[in-house]
Peer 1: 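This is the structure I want to talk about, given as structure tokens.
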Amino acid sequence: MDAKALLLLVRVGCLREQALTSWAARTDFGLAMAESATAAYLRLADQQIPLSPERPADEVYEACRAALAAAPGEKGVIGFLDSTLPLVARLAEEFGLPGCSPRTLRSLTDKTWARARFAESGVPGPRFRVLDAQAAPADRPAAVRGLSYPLIVKPADSSAGRGVVRAADATELDAAWDGAAPFTKTGCLLAEEELIGEEISVETVTVAGRTAVVACTEKSSTRGDVFVELGQAVPARLGGALGGQVREIAAAALKAVGYDHGVAHTEMILTADGPRIIEVNPRPAGDCILDLVRLAGGADVYGIAADLALGRPVDLDALDQTVFTGGAAIRFLTAEPGVVRRVDGVAEVSAQLDHARERVVLLTRPGDVVEPVTSNLHRLGYVVAVGDDTARAVERADRLAALISFSTSPAGPDESPARRLPSSECWT
């Protein structure tokens with residue numbers, strides 16, 4: 001009998017419980033997971049690879065390498081976090097695993113590299129400049145000369161909205177620069193002219209350079225000094241011509257960076273002049289977006305991602321014919337900074353849910369410290385809801401989320417509350 005295949009997941013992060021449950025239920029491969037030893041969902045894996053809280057890159061690499069080397073049959077690897085993509089590329093190269101070019105995976109962790117490839121290939125996007133994070137204040141105006149405010153300043157190598165800061169005019173450049181700089185490990189920042197319009201993402205599957213769009217996702221984000229995603233909905237409400245443009249630009253962006261095999265998550269802004277690319281993420285989407293795709297009647301992208309990682313065939317023609325039968329939406333919960341004293345409304349919301357398809361999840365609890373919402377990691381929980389179409393799903397998710405409230409207050413003089421990023425672990 002042939003040895004059982006092994007699918008290795010490297011650093012799953014949070015909000016991916018449905019993916020893990022889906023993969024754990026499959027009998028055609030075993031599931032290995034390298035993740036923090038404190039992550040509740042590590043128990044779902046057949047082979048658990050617990051990591052220390054610091055998770056140094058060498059430790060993660062050696063642990064994953066050992067798991068793959070010990071697997072006698074077919075094997076594959078999937079990375080979910082941008083920070084792990086170079087490690088995934090290294091493993092794929094060493095073991096000859098299916099996937100896109102390791103060079104492309106490594107390069108896509110640098111947003112400046114991707115911006116240059118888009119510009120070379122004529123993929124529409126904002127004008128930009130590459131910045132030195134350590135540049136002296138006196139040198140900064142010259143570094144962005146030729147760009148028009150407002151500007152978005154962000155690290156070239158970060159994710160989850162960390163360090164993405166808006167400069168409305170020249171007087172705010174230093175604050176944006178200094179706000180972004182702590183989040184880069186390479187010392188490189190990117191300044192882009194702000195794109196005005198609705199934000200969407202495009203979820204795709206690419207095989208041998210051919211791309212199928214499995215869904216377009218609406219986004220609801222803060223649009224002040226920082227950018228945090230507070231909602232997603234599937235399928236995005238795009239007209240025929242606009243939908244065609246979005247699909248063409250997504251495929252062109254993937255081709256421009258050489259992404260020719262795998263699942264990707266590409267972000268765009270729908271400006272008055274047409275769709276404009278923000279970035280390509282060479283990994284499955286986060287924020288439960290692929291859960292929404294499935295709930296709305298779309299494809300099982302989790303299953304497709306596993307098959308692609310293991311080198312198994314995927315029917316792109318069938319994906320191109322996907323027709324959604326409903327809508328699905330997620331709305332994230334936030335609160336004022338302080339110590340969480342009480343959470344109200346959860347039972348009321350739970351009583352109204354269709355528990356086969358909808359859910360409410362808390363990522364914080366009384367006693368935790370709520371930080372100001374400056375990145376996606378500061379969200380406190382979420383509600384997933386469905387509807388006959390996207391509009392009804394969004395209305396339902398908004399209404400249910402509004403029923404949940406968090407009471408917070410400053411810490412007392414003798415109080416030592418838990419200081420934890422709410423989304424750093426999943427409590428479901």
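What's counted below: heavy atoms across the whole structure, side chains too, no hydrogens, waters or symmetry copies.
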Peer 1: Check for a donor-acceptor pair, side chain of Thr21 on one end and backbone N or O of Glu17 on the other, with a separation under 3.5 Å.
Peer 2: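 Checking the backbone N and O of Glu17 against the side chain of Thr21, a donor-acceptor pair under 3.5 Å is found.
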
Peer 1: Look at Arg117 together with Glu120 and state whether they make a salt bridge at an N to O cut-off of under 4.0 Å.
Peer 2: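 Salt bridge present between Arg117 and Glu120.
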
Peer 1: Identify whether the distance between the nearest side-chain nitrogen and carboxylate oxygen of Arg359 and Asp291 falls below 4.0 Å.
Peer 2: yes

Peer 1: I'd like to know if the side chain of Arg129 reaches the main chain of Arg145, judged simply by a donor and an acceptor atom lying under 3.5 Å from each other, with no hydrogens or angles considered.
Peer 2: yes

Peer 1: Which value, rounded to the nearest 0.5 Å, describes the distance between Met33 atom CE and Leu42 atom CG?
Peer 2: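 These two atoms lie 6.0 Å from each other.
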
Peer 1: I'd like to know if Glu93 and Arg106 make a salt bridge, using a cut-off of under 4.0 Å between side-chain N and carboxylate O.
Peer 2: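 Salt bridge between Glu93 and Arg106, a charged N being under 4.0 Å from a carboxylate O: yes.
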
Peer 1: Specify the closest pair of heavy atoms between Asp82 and Pro86, including all atoms of both residues, with the distance to one decimal.
Peer 2: O-CD, 3.8 Å

Peer 1: Any chance you could lay out the side chain to side chain contact (heavy atoms under 4.5 Å, CB included) test for Val12 and Leu20, step after step, and finish with the verdict?
Peer 2: CA-CA 9 Å; Val12 176; Leu20 299 177; 4.1 Å; yes

Peer 1: Decide salt bridge (Lys or Arg N to Asp or Glu O under 4.0 Å) for Glu94 and Arg90; before the verdict, give the C-alpha distance in whole Å, the side-chain angles of both, and the deciding distance to 0.1 Å.
Peer 2: CA-CA 6 Å; Glu94 181 173 349; Arg90 183 179 176 188; 5.2 Å; no

Peer 1: Do the side chains of Asp287 and Tyr382 get nearer than 4.5 Å, heavy atoms only?
Peer 2: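 They are not in contact (no side-chain heavy atoms under 4.5 Å apart), so the answer is no.
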
Peer 1: Quick check on Glu395: does its CD atom have over 12 non-hydrogen neighbours (other residues, nucleotides or ligands) under 6.0 Å away?
Peer 2: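 Buried by this count: over 12 neighbours within 6.0 Å.
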
Peer 1: Can you check whether Leu81's main-chain N or O pairs, donor with acceptor, with Thr84's side chain at less than 3.5 Å?
Peer 2: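 Checking the backbone N and O of Leu81 against the side chain of Thr84, a donor-acceptor pair under 3.5 Å is found.
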
Peer 1: What distance separates Gln18 CD from Cys288 SG, expressed to the nearest 0.5 Å?
Peer 2: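 Rounded to the nearest 0.5 Å, the CD-SG separation comes to 7.5 Å.
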
Peer 1: Between His378 and Glu371, does the side-chain hydrogen bond (donor to acceptor under 3.5 Å, both in side chains) criterion hold? Intermediate values first, please.
Peer 2: CA-CA 7 Å; His378 293 122; Glu371 305 284 358; 5.6 Å; no

Peer 1: Would you mind reporting whether Glu279 and Lys154 have side-chain heavy atoms less than 4.5 Å apart?
Peer 2: yes

Peer 1: Taking all non-hydrogen atoms of both residues into account, name the closest pair between Val123 and Ile249 and its distance.
Peer 2: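 Looking at all heavy atoms of both residues, the shortest contact is CG1-CG2, 4.2 Å.
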
Peer 1: Output the distance between atom CG (Leu85) and atom CG (Leu105), rounded to the nearest 0.5 Å.
Peer 2: 5.5 Å

Peer 1: With rounding to the nearest 0.5 Å, note down the distance linking SG in Cys64 to CG in Leu87.
Peer 2: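 With rounding to 0.5 Å, SG (Cys64) is 6.0 Å from CG (Leu87).
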
Peer 1: Of the non-hydrogen atoms in Ala63 and Leu51, which two are nearest, and what is the gap between them?
Peer 2: CB-CD2, 4.4 Å

Peer 1: For a quick test of reading the model, state the closest non-hydrogen atom pair linking Leu91 to Leu97 and the distance between them.
Peer 2: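 The pair with the smallest heavy-atom distance is O-CD1, 4.2 Å.
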
Peer 1: Strictly distance-based, threshold 3.5 Å: is any side-chain N or O of Trp177 a donor or acceptor partner for the main-chain N or O of Val153?
Peer 2: no

Peer 1: Between Ser201 and Glu203, is a side-chain hydrogen bond (donor to acceptor under 3.5 Å, both in side chains) present by the stated rule, with each step listed?
Peer 2: CA-CA 7 Å; Ser201 65; Glu203 324 313 330; 2.5 Å; yes

Peer 1: Do Glu218 and Glu198 make a side-chain contact, defined as non-hydrogen atoms from C-beta onward lying under 4.5 Å apart?
Peer 2: no

Peer 1: Where the side chain of Thr266 meets the backbone of Ala250, is there a donor-acceptor pair that is under 3.5 Å apart?
Peer 2: no

Peer 1: Measure the spacing between CG of Asp260 and OG1 of Thr104 and express it to the nearest 0.5 Å.
Peer 2: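 Going from the CG atom of Asp260 to the OG1 atom of Thr104 covers 7.0 Å.
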
Peer 1: For Asp273, does its backbone N or O pair with a side-chain atom of Arg276 as donor and acceptor, under 3.5 Å?
Peer 2: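 Flag set: sc Arg276 to bb Asp273 pair under 3.5 Å.
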
Peer 1: How far apart are the closest heavy atoms of Ala215 and Val293, and which atoms are they?
Peer 2: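 So the two residues come closest at CB-CG2, 3.6 Å.
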
Peer 1: Do Arg140 and Asp174 make a side-chain contact, defined as non-hydrogen atoms from C-beta onward lying under 4.5 Å apart?
Peer 2: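 Sidechains of Asp174 and Arg140: in contact.
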
Peer 1: Side chains of Leu308 and Pro98: closer than 4.5 Å at any heavy-atom pair?
Peer 2: no

Peer 1: Mind checking the CG-OG spacing from Asp344 to Ser405? Nearest 0.5 Å is all I need.
Peer 2: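 Between atom CG of Asp344 and atom OG of Ser405 there are 4.5 Å.
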
Peer 1: Evaluate the salt bridge (Lys or Arg N to Asp or Glu O under 4.0 Å) criterion for residues Asp320 and Arg210: first the C-alpha distance (whole Å), next the side-chain angles of each, then the deciding distance (0.1 Å), finally the verdict.
Peer 2: CA-CA 11 Å; Asp320 278 334; Arg210 178 188 164 194; 2.9 Å; yes

Peer 1: Can you find a pair of side-chain heavy atoms, one from Ser221 and one from Leu230, that are under 4.5 Å apart?
Peer 2: no

Peer 1: Any Lys/Arg nitrogen of Asp398 or Arg396 sitting under 4.0 Å from an Asp/Glu carboxylate oxygen of the other?
Peer 2: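 Judged by the 4.0 Å cut-off on N to carboxylate O distance, Asp398 and Arg396 do not form a salt bridge.
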
Peer 1: Is the shortest distance from a Lys or Arg side-chain nitrogen in Glu192 or Arg127 to a carboxylate oxygen in the other one below 4.0 Å?
Peer 2: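 No.
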
Peer 1: Quick one: does Tyr259's side chain have a donor or acceptor within less than 3.5 Å of a partner on Val263's backbone?
Peer 2: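 Yes; at least one donor-acceptor contact below 3.5 Å.
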
Peer 1: Should we say atom CZ of Arg103 is surrounded by more than 12 heavy atoms from elsewhere, each under 6.0 Å from it?
Peer 2: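 Atom CZ in Arg103 is not crowded, with 12 or fewer foreign heavy atoms closer than 6.0 Å.
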
Peer 1: Considering non-hydrogen atoms only, spot the tightest contact between Ala176 and Val165 and give its length.
Peer 2: CA-CG1, 3.6 Å

Peer 1: Below 4.5 Å, heavy atoms only, C-beta onward: do Asp157 and Lys111 meet side chain to side chain?
Peer 2: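 Contact flag for Asp157/Lys111 side chains = no.
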
Peer 1: Test Arg115 against Thr112 for side chain to side chain contact (heavy atoms under 4.5 Å, CB included), laying out the working first.
Peer 2: CA-CA 5 Å; Arg115 273 277 167 243; Thr112 65; 5.6 Å; no

Peer 1: Please determine whether side-chain hydrogen bond (donor to acceptor under 3.5 Å, both in side chains) holds for the pair Ser409 and Arg341, giving the CA-CA distance in whole Å, both sets of side-chain angles, and the decisive distance to 0.1 Å.
Peer 2: CA-CA 7 Å; Ser409 65; Arg341 305 300 182 185; 2.7 Å; yes

Peer 1: Could you go through the salt bridge (Lys or Arg N to Asp or Glu O under 4.0 Å) check for Arg43 and Glu35 one step at a time?
Peer 2: CA-CA 10 Å; Arg43 69 184 185 276; Glu35 185 54 280; over 6 Å; no

Peer 1: Any side-chain heavy atom of Ile330 sitting closer than 4.5 Å to one from Leu292?
Peer 2: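 Answer yes - side chains close enough.
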
Peer 1: Does the Lys NZ or Arg CZ of Arg283 fall within the cation-pi geometry relative to Phe80 - under 6.0 Å from the ring centre and within 45° of the axis?
Peer 2: no

Peer 1: Is it true that Ser52 and Glu59 share a donor-acceptor pair across their side chains at a distance under 3.5 Å?
Peer 2: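 There is such a pair between these side chains.
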
Peer 1: For the pair Tyr302 and Trp23, name the ring-plane relationship: parallel under 30°, tilted 30 to 60°, perpendicular over 60°.
Peer 2: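 Geometry flag for Trp23 against Tyr302: perpendicular rings.
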
Peer 1: Verify, without hydrogens or angle tests, whether Thr271 (side chain) and Pro275 (backbone) share a donor-acceptor contact under 3.5 angstrom.
Peer 2: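 Checking the backbone N and O of Pro275 against the side chain of Thr271, no donor-acceptor pair under 3.5 Å is found.
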
